[in-house]
Amino acid sequence: MAKDPVRVLVTGAAGQIGYALVPMIARGVMLGPDQPVILHMLDIPPAAESLNGVKMELVDAAFPLLKGVVATTDVVEACTGVNIAVMVGGFPRKEGMERKDVMSKNVSIYKSQASALEKHAAANCKVLVVANPANTNALILKEFAPSIPEKNISCLTRLDHNRALGQISERLNVQVSDVKNVIIWGNHSSTQYPDVNHATVNTTAGEKAVRELVADDAWLNGEFIKTVQQRGAAIIKARKLSSALSAASAACDHIRDWVLGTPEGTWVSMGVYSDGSYNVPAGLIYSFPVTCQNGEWKIVQGLSIDEFSRKKLDLTADELSEEKALAYSCLS
Ligand SMILES: NC(=O)c1ccc[n+]([C@@H]2O[C@H](COP(=O)([O-])OP(=O)(O)OC[C@H]3O[C@@H](n4cnc5c(N)ncnc54)[C@H](O)[C@@H]3O)[C@@H](O)[C@H]2O)c1
Ligand SMILES: O=C(O)C[C@H](O)C(=O)O
């Protein structure tokens, strides 16, 4: 029997991530090849005409799984009945700007959209915040939508996770699909900590530790970390625009694994509400290694954290605490 359609909201849908993301969702990349979807696309009035153009293209693409499109500048209409909300709307960072510069513009958007989601989304709606500062926008959304369970609110660090997999795969000249269990800890910013201490590669001789195969701690503790931390800025420098296709693809990976589950023995990175695991202060949205089953994520417990890692986990937590304070000062 055909499944009922799932309603997926994409905010900022007329923007560049939106343009890459909506066809992926309509093709089943996010929720699977047998899951019909109804797309809800929200943008602001100056982008209304462009948004309507995206809607026209979705119709023209004749996606078999796409059962309807709502394109609107009305936040209530956009949020009504949605099962999944991918929050991309906001102002992106331009060359030379730090994430903090975009903070005040974006947190106020997330405060007001929190209430719309709380009132109008379907019960148990899963929320993914992509727009920067992603962790702090997600935290503001959580705080101003108190009736949405905190386990349903997340932010995107899967792009960073995928970037780390990509760097290891290039360095070792192995298939990216054979590399797993890297971790992104903390903020989706240049203080994030890409950690390979538990990562492995599937080889013809079985699973091997990434650290053993790379056999170059100086590279792993230096250039590798920096490359992943700075990748967003490098893309902006090269394209004069921030990453879009990789961000859209990572958003699909994030929701797919959350809804359909992570493969046995594999974890992924998600920005989620900290419960104090790994001595990360509770009350921040922090990226952890998680496994997902039956639509719920769980932080992977018991991983060893050496002194080098501990400092990096704390540094990015400190930045998130500062961002939280700054966000509140922007809102007051
Ligand atoms: N977490 C990540 O990994 C990641 C990766 C890449 C980009 N980003 C962030 O994603 C966001 C979107 O990036 P982009 O390149 O698509 O930007 P963009 O400027 O191309 O698109 C953003 C869209 O949001 C719309 N918008 C602005 N205010 C809105 C509001 N109140 N409600 C609904 N829509 C609104 C704009 O009109 C625009 O169409 C940025 O904040 C960017 O920094 C995050
Ligand atoms: O770095 C940015 O501001 C863009 C985006 O968050 C990215 O990681 O590509």
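Counting convention: from 1, in listed order, for ligands and their atoms alike.
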Closest protein heavy atom to [atom], given as residue, atom name and distance to 0.1 Å:
{"atom": "atom 17 (O) of ligand 1", "value": "Pro92 CG, 3.6 Å"}
{"atom": "atom 16 (O) of ligand 1", "value": "Ile17 N, 2.9 Å"}
{"atom": "atom 31 (N) of ligand 1", "value": "Ile109 CG2, 3.4 Å"}
{"atom": "atom 41 (O) of ligand 1", "value": "Asn132 N, 3.0 Å"}
{"atom": "atom 34 (N) of ligand 1", "value": "Gly12 N, 3.5 Å"}
{"atom": "atom 2 (C) of ligand 1", "value": "His188 NE2, 3.2 Å"}
{"atom": "atom 37 (O) of ligand 1", "value": "Asp43 OD1, 2.5 Å"}
{"atom": "atom 29 (C) of ligand 1", "value": "Ile44 CG2, 3.5 Å"}

Please work out whether any backbone atom (N, CA, C, O) or any side-chain heavy atom from C-beta onward of [X] is under 4.0 Å from ligand 1, and answer side chain, backbone, both or neither.
{"X": "Leu159", "value": "side chain"}
{"X": "Gln16", "value": "both"}
{"X": "Val130", "value": "both"}

So which heavy atom on [X] is nearest to which on [Y], and how close?
{"X": "His161", "Y": "Ser269", "result": "ND1-OG, 2.8 Å"}
{"X": "Glu319", "Y": "Asn187", "result": "OE1-ND2, 2.8 Å"}
{"X": "Val228", "Y": "Ala164", "result": "CG2-CA, 3.9 Å"}
{"X": "Val10", "Y": "Ala13", "result": "O-CB, 3.6 Å"}
{"X": "His254", "Y": "Arg158", "result": "N-NH1, 4.0 Å"}

For [X], counting its heavy atoms only, list the atoms of ligand 2 lying under 4.0 Å from any of them.
{"X": "Arg163", "answer": "7 (C), 8 (O), 9 (O)"}
{"X": "Gly232", "answer": "1 (O), 7 (C), 8 (O), 9 (O)"}
{"X": "Ser243", "answer": "7 (C), 9 (O)"}
{"X": "Ser242", "answer": "4 (C)"}

Which pairs would a plain distance check flag for residues 110-118, meaning a side-chain donor or acceptor within less than 3.5 Å of a matching protein atom at least two apart in sequence or in another chain?
{"residue": "Tyr110", "atom": "OH", "partner": "Met87", "partner atom": "O", "Å": "3.4"}
{"residue": "Tyr110", "atom": "OH", "partner": "Gly89", "partner atom": "O", "Å": "2.6"}
{"residue": "Ser112", "atom": "OG", "partner": "Ile109", "partner atom": "O", "Å": "3.2"}
{"residue": "Glu118", "atom": "OE2", "partner": "Ser147", "partner atom": "N", "Å": "2.7"}
{"residue": "Glu118", "atom": "OE2", "partner": "Ser147", "partner atom": "OG", "Å": "2.9"}

Element-labelled atoms of ligand 1 that are located less than 4.0 Å from some non-hydrogen atom of [X]:
{"X": "Gln113", "result": "30 (C), 31 (N), 32 (N), 33 (C)"}
{"X": "Val88", "result": "11 (C), 12 (C)"}
{"X": "Ala247", "result": "5 (C), 6 (C)"}
{"X": "Ala14", "result": "39 (O)"}

Checking side-chain polar atoms at under 3.5 Å, does [X] have a donor or acceptor matched by the opposite partner on [Y]?
{"X": "Gln192", "Y": "Ser287", "value": "no"}
{"X": "Asp253", "Y": "Asn162", "value": "yes"}
{"X": "Tyr19", "Y": "Glu57", "value": "yes"}
{"X": "Ser321", "Y": "Asp318", "value": "no"}

Under 3.5 Å: N/O of [X] near N/O of ligand 1:
{"X": "Gly15", "value": "yes"}
{"X": "Ala47", "value": "no"}
{"X": "Thr11", "value": "no"}

### Query
Measuring from the heavy atoms of Tyr19, does anything fall under 4.0 Å of ligand 1?
no
### Query
Does Ser243 come within less than 4.0 angstrom of ligand 1, counting non-hydrogen atoms of the residue?
yes
Backbone N/O of [Y] and side chain of [X]: donor-acceptor pair under 3.5 Å:
{"X": "Arg239", "Y": "Ser242", "result": "yes"}
{"X": "Asn152", "Y": "Cys125", "result": "yes"}
{"X": "Gln230", "Y": "Thr227", "result": "no"}

### Query
Taking heavy atoms and a distance under 4.0 Å, where does Arg231 meet ligand 2: side chain, backbone, both or neither?
neither
### Message
Using a 4.0 Å heavy-atom cut-off, which part of Ile235 comes near ligand 2: side chain, backbone, both, or neither?
### Response
neither
### Task
Please say whether the positively charged group of Lys151, taken as NZ for Lys or CZ for Arg, lies over the ring of Tyr273, i.e. under 6.0 angstrom from the six-membered ring centre and within 45 degrees of the axis.
no
### Query
So, is the end of the Lys312 side chain (NZ or CZ) under 6.0 Å from the ring centre of Phe308 and within 45° of the ring's axis?
yes
#### Entry: Close N or O approach (Asp160, ligand 2; < 3.5 Å)
no
### Query
Aromatic ring centroids of Phe288 and Trp297 under 6.0 Å?
no
#### Entry: For atom 22 (C) of ligand 1, the option (of Gly89, Gly90, Ala131) bearing the nearest heavy atom
Gly90
